[in-house]
Structures are given as structure tokens and as C-alpha cells.
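These notes are about the structure you will find just below.
Atoms within each ligand, like the ligands themselves, are counted from 1 in listed order.
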Amino acid sequence: MNLLVIHGPNLHLLGKREPGIYGRITLKALNALIKNHAAARGVKTRCFQSNCEGAIIDLLTANAAWTDALIINPAAYTHYSYAIRDAIKALEMFAVEIHLSDISKREPFRKISVIKPVCVKQIKGFGADSYLKAIDFCLAAAGKNGKHSK
Ligand code: DQA
């Protein structure tokens, strides 16, 4: 299985950014964790971070043919990017939305995800483990119908 991982805006600041909410793990360490967890299960990964909506759409487009499953933390774009939502839908991606924090228990604007309706699942509130749970979910889903494995 080929797994595309996209981290949205401000996630390059992980480790320093509000550690009480997002934890102390850096983006580099998080990507290593993701890659190791995936590799141990025979999954190939491509990990990207961008602070720009258009760049995220370009990454989705450029990697769509390679990708069996997308794990995306759209960060603040979660709450208002119809453009990223439309890209996931248009590219017909098997997508899992993930969050480090539990967005349902924070400020009211974070409770809304415009990305969720185009994803097969939303996983939130487990810190870095949210990504690992998403990998396991993608593998289980691929196992069931074979649709997402190449
Ligand atoms: C986040 C939650 C978003 O509301 C926030 O804008 C982020 C990170 C999370 O992983 O918990 O940047 O997506």
C-alpha cells in the first residue's frame, strides 16, 4: 500500500507549538514514527508539510496516481478549506482526516470540519498516535475489500 501523509499549516512548529495541546514531538520525529510504523507493515509512505492551501492541492494532485490512501491533518484548513475538500473529492482519494488534539472539545470554530464529509474516517485526540491509528485503519480497510492496495 502506498500512503500519502499531508500535514497542514503550522505543523512545522510541532515540538515548540502549544506543547500542552500538541505534545513535544517534532515534525521530523513524527514523520520518522509514521514511516517506521508504516514500513513495519509493508506500507510505503510519502510525507509532506505545507502552510499553503494551493500547495497542498498541488501535492494531492501530483501524488494522486501513486496514492492508495491519504492521511491528512489539514490543521486550521480543516475548518474552512472548501478547496482542499473539493480536491480530495475530485481526485476520489481514500482519505482519513486526523488531528493531534480533540477538536470536538476545543473552541467552537474547531468543532466544524468541512473536510470530514469527503473522508472515510476522522481520528482525533490521540496525539501522534492519531496518525498511527489512521495507518492501521487504512490497512484494515484495504484488507477488507482490496480496493486500496496496489
Ligand atoms: C489540529 C487542530 C486544528 O484545529 C489546528 O488548527 C491545528 C492542529 C490538530 O492536529 O489537533 O493546526 O489539526
Same apolar cluster: Ile21 and Ile98, side chain cutoff 4.5 Å: yes
Side-chain (Lys111) to main-chain (Arg106) donor-acceptor, under 3.5 angstrom: yes
Salt bridge (charged side-chain N to carboxylate O under 4.0 Å, His left out): pairs with one or both residues in residues 36-54, sequence neighbours excluded: Arg41-Asp136
Check: His7 ring centre within less than 6.0 Å of Tyr131 ring centre: yes
Measure from every N or O atom of ligand 1 to the protein's N or O atoms and keep only the pairs below 3.5 Å, writing each with atom names and distance to 0.1 Å.
unit_1   : atom_1 : unit_2 : atom_2 : d
ligand 1 : 4 (O)  : His79  : NE2    : 2.7
ligand 1 : 4 (O)  : Arg110 : NH1    : 2.8
ligand 1 : 6 (O)  : Ala76  : N      : 3.2
ligand 1 : 6 (O)  : Arg110 : NH1    : 3.1
ligand 1 : 10 (O) : Asn73  : ND2    : 2.9
ligand 1 : 10 (O) : Leu100 : N      : 2.8
ligand 1 : 11 (O) : Leu100 : N      : 3.3
ligand 1 : 11 (O) : Ser101 : N      : 2.9
ligand 1 : 11 (O) : Ser101 : OG     : 2.6
ligand 1 : 12 (O) : Arg17  : NH1    : 3.0
ligand 1 : 12 (O) : Arg17  : NH2    : 3.0
ligand 1 : 13 (O) : Asn73  : OD1    : 2.8
ligand 1 : 13 (O) : His99  : ND1    : 2.8

Whether Arg85 side chain and Val114 backbone form a donor-acceptor pair below 3.5 Å: yes
More than 12 heavy atoms of other groups within 6.0 Å of Glu107 CD: yes
